[in-house]
Amino acid sequence: MCGIVCYVGNSKAKPLLIEGLKRLEYRGYDSSGIAVQDTGRMDYYRAVGKIVELEKRINGLEINGTTGIAHTRWATHGEPTEKNAHPHRDMEEKIYVIHNGIIENYQSIKKRLEKKGVIFRSDTDTEVIAHLVAENFTGNLNEAVRKAMSQIEGTFGIAVLHKDIPGQIVVARRGSPLIIGLGEDGNFAASDVSAMVRHTKNVIHLNDNELATITKDDVSISTLQATAIKREAERVEWSAEDVELDGFPHYMLKEIFEQPETIKNAMRGRLDKGEGVPRLGGIIPVWDKLKECRHIVIIACGTSYYSGCVGRYVFEKLTEIDVQVELASEFRYRKLNFPPNTFIISMSQSGETADTLAAMREARRKGAHLLGIVNVVDSSIARETDAGIYNHAGPEIGVASTKIFISQLTILTLLAILLGRHQNLSLTEGVEAIRAMEALPDQVQSILSKANHIEAIAAKYHDKSNWLFLGRKYQFPIAMEGALKLKEISYIHAEGYAAGEMKHGPIALINPQMPTVAIAPKDSLYDKMISNIQEIKSRRGPIIGIGTEGDTALKEMVDDFIEIPQTLDFLYPILTVVPCQLLAYYCALMLKRDIDRPRNLAKSVTVE
Ligand code: AGP
């Protein structure tokens, strides 16, 4: 959602804050603002639109302060206008606040404060924080923030500056990430590591209901109840290069091309080839229960949900475990009854998705054990699970998730093989599965080498207003993921459908203006897919076929053919999704979309 970045140290804050905001722009980018403390004054600027608009506003200005806070917004309350952009101030313009999250009781607080004569200048929920801090301020900023935030219901990651207290930033969190960075010549705080990883890899994660006072030489942490906390810094495994473009035009394309490495990272150190048994150290704390588990519920949102949908078929193939997959935003409101020893697996790239977090907490209340498959180390979801498996995929900056999807499929498959090998999966089957997985990076690379061919196909159809994606069994979730990729970055309407459902309605849509992506590798349902393709062909619908190398029959049947290497049925999704990602990317490119920051979207949906 919103991005927060702060700095207090010996260097000028402005360039560090702007650099940090740019790293966070994927989290939300409809307005931004900065407040830099200088002797007896605050340099305070805000702008609507992307960070570049704020840069234009402050370029050339003498902003020399060494303490500052900055924010990039994804609007939740109030239009994306300058008056609603953060930082927000109190009436005396002494308190400056930036906030990521949602305050659920802000109306009642606002009413109470207005009765006391407070005049609000924005439509946001955040502004109440500035006035609450002012109301509680008697000289100690930390205490004023602590008292103010104790009245707040909802989620927050905040940073607060006081105009007359130099060199001090107070930060606090509940439900929205906030990480402190210990730098050489000053200290940072931000919504995520990418905002500061070029300047420090030593970080401290604040937990919920904690706050900290940060100066250039010190960080002191306590709870909202004023209990002091000692917390060691941890070392970040990411590098600054991980968040660079490395010559690619967009992060999304870079991350698509990173996927061979992503698969290797997901498998690194986790394969016991001889025994055909993966080693997943992260689940050791719960292994005794997990190996007896016969019911798993995968919960997630968006692309992570689709990886869970593939995972269900993979578990069905390799284990005796009954797996259901649920949209977190729906699951959390359901009447949940779990069989004993049920495990929840939360799939999440960011580890901060509000719906997934809420669904996990509801499942915990109903007695389930919690596992996480998460990319961001020490994220909220990672910290609330009993155990988990990290993707180790490095930061995914593009709003449209690509490499993490493939990483999630890889890890779900490793988990299924591990559990299967303690059930009915034979050593031979385990060894065969792992051997096939080891071939995947090169196989993905071979598909990437066909990018120009896929771009040419996108050129033929990028002007079509509606697309259909079809698949069966393992490929049905890929059809849905392919449609989501196209929708979210090119803004073309697309539907992912189970091919078997065509005759139950969607076939009425088929027309020469509507391309169908038919995902038909040589798997157990290939023949059924061929029938569907023929049904579409007989109604003159253009077909883009994704099929196994050498399948000349399919190639002749379709208008455009993208071939992928042969693999095991349950591994095909890791290959078939790559052409879908590239089709979406090239269509969006030709339509001149803002590919890394599509309209209305944010990388991490930390609000409901
Ligand atoms: C994927 O391309 C989307 N950006 C979105 O659906 C995303 O997968 C979803 O919001 C879940 O995010 P998470 O994996 O960080 O929980």
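Remember, it's 1-based here, ligands and their atoms both numbered in the order they're listed.
Scanning the protein heavy atoms around atom 10 (O) of ligand 1, the nearest turns out to be V605 CG2, 3.9 Å. For atom 13 (P) of ligand 1, the closest non-hydrogen atom of the protein is T353 OG1, 3.3 Å. For atom 3 (C) of ligand 1, the nearest non-hydrogen atom of the protein is E488 OE1, 3.4 Å. Looking only at protein heavy atoms, the nearest one to atom 11 (C) of ligand 1 is C301 O, 3.4 Å.
Ring geometry for F248 against F257 counts as tilted: the plane angle lies between 30° and 60°, on a 0 to 90° scale.
Between R364 and D386, at least one side-chain N (NZ, or NE/NH1/NH2) sits under 4.0 Å from a carboxylate O, which counts as a salt bridge. Looking at E19 and K22, no side-chain N of the basic residue comes within less than 4.0 Å of a carboxylate O on the acidic one, giving no salt bridge. A salt bridge links K403 and E258; the closest N-O separation between the charged side-chain nitrogens and carboxylate oxygens is under 4.0 Å.
Donor-acceptor pairing under 3.5 Å is lacking for the side chains of S176 and E352.
Contact atoms of ligand 1 toward S401: 1 (C), 2 (O) (distance under 4.0 Å to a heavy atom of the residue). Ligand 1 places these atoms under 4.0 Å from at least one heavy atom of K485: 1 (C), 2 (O). Interface atoms of ligand 1 facing S304, defined by a heavy-atom separation under 4.0 Å, are 8 (O), 13 (P), 14 (O). Numbered from 1 in the order shown, with element, the atoms of ligand 1 that lie under 4.0 Å from a heavy atom of A400 read 2 (O). Heavy-atom contacts of T303 reach the following atoms of ligand 1: 1 (C), 2 (O), 6 (O), 8 (O) (cutoff under 4.0 Å). Applying the 4.0 Å criterion to heavy atoms of S348 picks out, from ligand 1, the atoms 13 (P), 14 (O), 15 (O), 16 (O).
An N or O contact shorter than 3.5 Å links V399 to ligand 1 by distance.
Among G302, S379, A300, the residue whose heavy atom sits closest to atom 6 (O) of ligand 1 is G302.
By the salt bridge (charged side-chain N to carboxylate O under 4.0 Å, His left out) test, D560 pairs with K460, sequence neighbours left out.
Here the NE2-CG distance, from H493 to N466, works out to 6.0 Å after rounding to the nearest 0.5 Å.
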Less than 3.5 Å apart, which donor and acceptor atoms pair up between the side chains of residues 308-318 and the rest of the protein, not counting sequence neighbours?
none

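Residue contacts with ligand 1 leave out T356, since none of its heavy atoms falls under 4.0 Å from the ligand.
At a heavy-atom distance under 4.0 Å, no atom of E352 approaches ligand 1.
A donor-acceptor pair under 3.5 Å is absent between the side-chain atoms of E396 and the main chain of Q349, judged by distance alone.
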